[in-house]
Trainee: 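Before I ask anything, here is the structure I am working with.
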Amino acid sequence: MDLEEIYTNLHHDNSGSISKNRFGYEMAVGIEKLIEHYDMYDEYCIVFDYVCDVEFHCKNDKKSILNFYQVKTRDSIKPFDTTYLTTKGKKKNSIIGTLYKLYKPSEKCDMKLYIVGNVPFNDDGNIINNISGLSFSRMSEKTKNKVLKQLKEEKIIENDIELDDLTYVYNPLNIFNYDVTILGKLIEFYNEKIDKNIVKPKVLYSSLKDFVIEKACFEQSGNSYDEILKNKGIKKSEFKKMLLDHKQRSNNIIEKCIMELKTAKSNSISDTLKIKKALTAIIENNDIESKKIMNLISQNIEAALNNFSGNLDEFIEDYIENNKLVFSEDNDYYEKYAYVLYQYVKIMEVEDE
């Protein structure tokens with residue numbers, strides 16, 4: 001069977017509501033998968049909260065890929081263990097049984113199962129905190145035997161099997177503050193792959209989160225495979241479009257910088273050209289020193305604006321004179337002017353939203 005046949009024969013998860021923190025953690029894991037696979041495949045789709053918490057779909061003429069990520073969170077730092085994963089409680093299946101029921105690999109479709117937890121895993125006294133994951137086939141015999149026994153009791157398997165495609169992944173995202181970490185990863189990814197100096201990263205992150213929530217909460221998922229992916233998933237091409245749209249809006253800020261510059265330095269074509277050249281260099285280089293200066297200016301420019309009554313050119317001149325420690329000794333007048341101008345336009349953009 002190919003990926004579509006396998007997937008449409010699986011029952012979607014209708015286990016009900018989950019906690020706000022767990023839901024946020026699931027979203028964060030899904031966004032990480034969007035970022036992680038970006039350079040690896042021409043097209044793929046991350047599906048949210050349908051057959052499993054998070055899913056990775058990649059169709060290929062030779063062999064497709066279907067990965068399921070069962071997300072588990074705990075407020076305390078106590079590691080998960082085999083007992084937790086194999087206990088049924090009042091449910092029909094244990095956590096590991098629920099996940100393994102989805103395992104239907106074929107010659108045309110590679111499949112892997114992941115349990116993603118925000119705490120390490122206790123493998124019979126050996127604490128596993130490997131963020132790249134560890135297959136259950138490499139865990140202790142006691143852990144493997146307990147998992148196999150439970151899968152047999154739940155009638156998911158009949159005989160002992162290798163557990164190569166079942167993996168525990170420790171993802172140390174803080175369930176109470178995951179936004180900070182994911183925002184940081186998104187900024188790093190954007191600066192490396194899309195543009196060298198992201199503008200208004202929180203706006204991009206907020207838009208992406210809203211898109212994920214829309215997909216995760218969509219109830220009428222559809223009947224066909226394509227409908228399910230359209231309603232419950234985000235494709236690489238959609239993610240890429242969102243990134244490029246944000247880049248275009250960012251370029252508009254650069255254009256506004258140039259417009260403000262022409263007005264501020266209307267009496268000096270020479271200064272305008274030199275500051276424009278410095279502005280372009282700062283944005284394209286985006287090195288550690290530039291980031292440091294941008295950050296320092298962003299911390300006090302708004303207060304400086306509130307205490308100033310002159311025009312923009314006078315303000316920038318005044319800021320440069322009274323904030324000499326913000327800049328590098330290597331910065332000339334034109335570079336300093338460009339730094340302040342850029343941060344000024346960014347502030348004005350935020351106020352206009």
Side-chain angles (χ1 to χ4, degrees), residues 20-49 52-58 65 67-74 112 114-120 129-134 167-216 233-250 283 285-288 290-292 294-295 298 346:
K20 181 179 178 181
N21 289 334
R22 159 93 181 276
F23 180 68
Y25 187 81
E26 283 183 15
M27 287 196 306
V29 170
I31 292 173
E32 280 188 321
K33 298 306 168 190
L34 273 170
I35 293 172
E36 287 173 9
H37 293 98
Y38 193 84
D39 281 341
M40 298 171 64
Y41 305 98
D42 292 334
E43 184 65 293
Y44 56 84
C45 186
I46 304 298
V47 174
F48 294 86
D49 202 26
C52 198
D53 294 335
V54 177
E55 308 164 19
F56 173 80
H57 296 238
C58 182
I65 303 170
N67 295 338
F68 293 111
Y69 301 86
Q70 182 73 44
V71 176
K72 293 298 171 187
T73 60
R74 178 170 275 173
K112 296 190 184 300
Y114 297 89
I115 298 171
V116 182
N118 69 318
V119 294
N129 54 9
N130 189 339
I131 58 175
S132 61
L134 184 68
T167 299
Y168 185 86
V169 178
Y170 168 50
N171 189 328
L173 279 173
N174 186 327
I175 60 173
F176 302 107
N177 198 24
Y178 59 86
D179 280 328
V180 174
T181 303
I182 300 301
L183 175 60
K185 290 188 176 185
L186 183 62
I187 291 171
E188 182 179 2
F189 163 78
Y190 185 98
N191 287 342
E192 181 181 345
K193 304 297 181 183
I194 307 300
D195 206 359
K196 289 186 176 181
N197 190 12
I198 187 170
V199 177
K200 297 194 285 188
K202 290 182 180 179
V203 173
L204 173 61
Y205 180 55
S206 178
S207 298
L208 181 56
K209 273 184 64 178
D210 289 344
F211 197 24
V212 171
I213 292 171
E214 175 189 329
K215 299 295 184 178
I234 299 177
K235 294 181 179 179
K236 174 185 175 178
S237 53
E238 294 175 305
F239 181 42
K240 184 176 182 179
K241 182 179 185 302
M242 179 177 286
L243 296 168
L244 294 178
D245 286 348
H246 186 80
K247 178 182 178 181
Q248 181 58 50
R249 289 191 293 271
S250 301
I283 293 168
N285 292 338
N286 193 38
D287 55 21
I288 296 174
S290 294
K291 289 179 182 177
K292 178 183 175 183
M294 291 280 202
N295 183 52
S298 69
K346 284 180 71 175

Trainee: Counting only heavy atoms not in Lys235 (residues, nucleotides, ligands), do more than 12 fall under 6.0 Å from its NZ?
Mentor: no

Trainee: If we only count heavy atoms from C-beta on, is the Asp195 to Leu243 side-chain gap below 4.5 Å?
Mentor: no

Trainee: Are Leu204 and Met242 close enough, and set up right, to give a side chain to side chain contact (heavy atoms under 4.5 Å, CB included), and what steps lead you there?
Mentor: CA-CA 8 Å; Leu204 173 61; Met242 179 177 286; 4.0 Å; yes

Trainee: Roughly how far, to the nearest 0.5 Å, is the CG atom of Asp245 from the CD atom of Gln248?
Mentor: 8.5 Å

Trainee: For the residue pair Cys58 and Tyr44, what are the closest heavy atoms and their distance?
Mentor: CB-CB, 4.3 Å

Trainee: Leu186 pairs by side chain to side chain contact (heavy atoms under 4.5 Å, CB included) with which of Leu34, Ile31, Ile35?
Mentor: Ile35

Trainee: Could you tell me which non-hydrogen atom of Tyr38 sits nearest to which non-hydrogen atom of Lys240, and how far apart they are?
Mentor: OH-CG, 3.2 Å

Trainee: Which value, rounded to the nearest 0.5 Å, describes the distance between Met27 atom CE and Ile213 atom CD1?
Mentor: 4.0 Å

Trainee: Looking only at non-hydrogen atoms, find the nearest pair between Glu32 and Leu173 and report the distance.
Mentor: OE1-CD1, 4.0 Å

Trainee: Please determine if Lys33 and Glu36 form a salt bridge, counting it only when a charged side-chain N lies under 4.0 Å from a carboxylate O.
Mentor: yes

Trainee: Does Asp42 have more than 12 heavy atoms from other residues, nucleotides or ligands lying within 6.0 Å of its CG?
Mentor: no

Trainee: Looking at every heavy atom in both Glu26 and Asp49, which two are closest together, and how far apart are they?
Mentor: OE1-OD1, 4.5 Å

Trainee: When you check the side-chain N and O atoms of Tyr205 and Asp179, is any donor under 3.5 Å from an acceptor?
Mentor: yes

Trainee: Quick check for you: to the nearest 0.5 Å, what is the distance between Asn174 atom CG and Thr73 atom OG1?
Mentor: 11.5 Å

Trainee: How long is the span from the NZ atom in Lys193 to the CG atom in Asp39, to the nearest 0.5 Å?
Mentor: 3.5 Å

Trainee: With a 4.5 Å cut-off on side-chain heavy atoms, are Ile234 and Phe48 touching?
Mentor: yes

Trainee: Can you list everything that forms a ring pair (Phe, Tyr, Trp, His ring centres under 6.0 Å) with His246? Sequence neighbours excluded, please.
Mentor: Tyr190

Trainee: Within this structure, what is the OG1-CG distance for the pair Thr167 and Leu134, rounded to the nearest 0.5 Å?
Mentor: 7.5 Å

Trainee: Looking at Pro201 and Ile187, what are the two nearest heavy atoms and their distance?
Mentor: CB-CG1, 3.6 Å

Trainee: Give, for atom CG of Asn67 and atom CD of Glu55, the distance between the pair rounded to the nearest 0.5 Å.
Mentor: 10.0 Å

Trainee: Side-chain contact, heavy-atom cut-off 4.5 Å: Ile175 with Arg22?
Mentor: no

Trainee: Does Tyr41 have its ring centroid less than 6.0 Å away from the ring centroid of Phe56?
Mentor: yes

Trainee: If you compare all heavy atoms of Tyr168 against all heavy atoms of Pro120, which two are closest, and at what distance to 0.1 Å?
Mentor: OH-O, 3.7 Å

Trainee: Hey, does the side chain of Ser206 reach the backbone of Val203 with a donor-acceptor pair shorter than 3.5 angstrom?
Mentor: no

Trainee: Carefully, step by step, assess Tyr69 and Asp53 under the rule side chain to side chain contact (heavy atoms under 4.5 Å, CB included).
Mentor: CA-CA 6 Å; Tyr69 301 86; Asp53 294 335; 5.9 Å; no

Trainee: Between the main-chain N or O of Ile198 and the side-chain N or O of Asn191, is there a donor-acceptor pair closer than 3.5 Å?
Mentor: yes

